[in-house]
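This one's a predicted model, so the numbers in the text were calculated from it and none came from an experiment. So that the names make sense, note that chain A is the first sequence line, chain B the second, and so on, each numbered from 1.
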Protein chains: 2
Amino acid sequence: MLSDMTAKSIRARVRDELTSEIKAIARQQLATDGANLSLRAVARELGMVSSAVYRYFPSRDDLLTALIIDCYDELGEAAETAEAAVDRSDLLGRWLATGHGIRDWALANPAEYALIYGSPVPGYRAPETTVGPAARTTNVILALLADGVAAGTLTVADPVPGGGIVLPLPPELGAELDRIAATVCPDVPREVLSRGITAWIQLFGTVTFELFGRLQNMIESSRRNFFDRQLRVMAVYVGLR
Amino acid sequence: MLSDMTAKSIRARVRDELTSEIKAIARQQLATDGANLSLRAVARELGMVSSAVYRYFPSRDDLLTALIIDCYDELGEAAETAEAAVDRSDLLGRWLATGHGIRDWALANPAEYALIYGSPVPGYRAPETTVGPAARTTNVILALLADGVAAGTLTVADPVPGGGIVLPLPPELGAELDRIAATVCPDVPREVLSRGITAWIQLFGTVTFELFGRLQNMIESSRRNFFDRQLRVMAVYVGLR
DNA sequence: ACAAAACGAGAGCACTGCTCTTGACAGCGA
DNA sequence: TCGCTGTCAAGAGCAGTGCTCTCGTTTTGT
């Protein structure tokens, strides 16, 4: 009985170990070779022959998919843990923590961020298994919006008192926002969701610009300050306090 | 004399023709193979042997650089012509035209957009010759800001009357913004420049998200409406009217 | 008309993803 | 303990890649 389980575990465990070792070296190579990493180089690094790697990943794209899922999960976890450390009623603090958690992970893993948020690999179709991990970061923000709505902080009305920053939503866009809200955050009105999406795009747009070198010769020494300000500007726009 | 010139023209012209033909086919392949296009495939398409292509581009990276410069120039020209068609005093119209011009070009040339605004190719260092063409689109926006400042429309003060969307700039970030403004738009105050950069990031962030598939299962049928609204929201934030 | 430069073709090198076959080893039931 | 079966690493091999070098040919400048 026990020997059965350990025997099974033995083969399975060494396989899992090799699998994660392959992924580790592949991620290491990701930093230098980007998305077009070499399976043979990974095998060489492991002292294996290239064909042996195919016992663990049926193709290079499958290895890439595994890496993508891992990265989505890591980024999602980074966002979740950063956000979880803030008092639930402090919506602004939660938003800031989420943003900086995402940016910090991206700065620490630039190649991985480029893999999941950069140009789509031509000919590569992301399988369905990636959408779950990919949604983790957005779910953090959506929960933030839902909590703000529940607390009465986020409303349909203009979050900037006396300001005119809220523009009417075109009907087709409004309908589409309603459809999104219905499936993913039922109690968030379309106006709040719309502002949240704008802030979401600003967050990732700023990280992407910083990592892809578009801030070079512009914002250099105060990039964290700049990003923090971007977050706060969007927080005011959304109404997070 | 004339024969000299035509003789000179003959060799140079056929060379230029071949050069642009290579680039045309390379851009065609860009759509299917992305940044890792095959020089041999381009040569095959031309009925040449691969080594012949090296007479025109010393390496694959040089061909890529030529494509990048062409794309920057095309995108810049698209933004410029779209913006030039609007009355100079209509700042909001100019901003909207610029944004839609950029997005329209990106939608028409998604692979090219990914080439210049996607993940940086690992190991590829963009040469100095690309920064000029790359700056064309941002120059359009900077001119917009400068005109708004000159007309008195854009000021340091909060563009949203009675609103509190303007946050104080951290001193280091303010100094950096001053440094940018001094070299590229001397009469634009740091506050206006800061708002412009935020709008600029929102513009390209939205286009990037749309093209890289991050809007899938969210905004589908009303993407142009969504982008237009994004532009208008940022216009209100910046103070463009 | 002649030397020099430019050009296309071909062979070749080292590399890639991937497939197929071969031989070795471990776990299983009898 | 002895075969059987499934898993594994290794090697050869195929087609493709970027790139270099050489070899005749053509074109150019003088």
Query raised in the report: Nearest-Å distance, CG (A:Asn36) to C1' (C:dG17)?
Result: 12 Å
Report summary line: A:Leu46 CG to D:dA9 P, in whole Å, measures 10 Å
Query raised in the report: How about B:Asp16 and B:Thr19: does a side-chain donor come under 3.5 Å of a side-chain acceptor?
Result: no
Requested in this report: Starting from P on D:dC8, measure out to CD on A:Glu17 and report it in whole angstrom.
Outcome: 14 Å
List the atom pairs, donor and acceptor, that lie under 3.5 Å between side-chain atoms in residues 105-123 of chain B and the rest of the protein, sequence neighbours left out.
unit_1, atom_1, unit_2, atom_2, d
B:Trp105, NE1, B:Glu74, OE1, 3.2
B:Glu112, OE2, B:Arg27, NE, 3.1
B:Glu112, OE2, B:Arg27, NH2, 3.3
B:Tyr113, OH, B:Thr208, OG1, 2.9
B:Ser119, OG, A:Ser119, N, 2.7
B:Ser119, OG, A:Ser119, OG, 3.1

Report task. Provide, to the nearest angstrom, the distance between the CG atom belonging to A:Asp62 and the C1' atom belonging to C:dG17. Result -> 13 Å
Requested in this report: Produce a footprint string for nucleotides 14-20 of chain D: one letter per nucleotide, 5' end first; B if the base is under 4.0 Å from any protein heavy atom, S if only the sugar-phosphate is, - if neither.
Outcome: ---BBBB
Report summary line: Between CG of A:Asp33 and P of C:dG17 the distance, given in whole Å, is 10 Å
Query raised in the report: What residues form a side chain to side chain donor-acceptor pair (under 3.5 Å) with B:Thr138, not counting sequence neighbours?
Result: none
**Report entry** Any donor-acceptor N/O pair, B:Ser59 side chain to B:Asp62 backbone, under 3.5 Å
**Finding:** yes
Requested in this report: Decide salt bridge (Lys or Arg N to Asp or Glu O under 4.0 Å) for A:Arg190 and A:Glu176; before the verdict, give the C-alpha distance in whole Å, the side-chain angles of both, and the deciding distance to 0.1 Å.
Outcome: CA-CA 9 Å; A:Arg190 52 163 75 170; A:Glu176 195 135 43; over 6 Å; no
Report task. Using only side-chain N and O atoms of A:Arg55, determine if any of them is under 4.0 Å from OP1 or OP2 of D:dA10. Result -> no
Query raised in the report: What is the distance from OH of A:Tyr56 to P of D:dA10, rounded to the nearest Å?
Result: 10 Å
Report task. Can you tell me the distance, in whole Å, between the CG atom of B:Asp16 and the P atom of C:dA6? Result -> 15 Å
Query raised in the report: Any side-chain heavy-atom pair from A:Ile180 and B:Asn217 closer than 4.5 angstrom?
Result: no
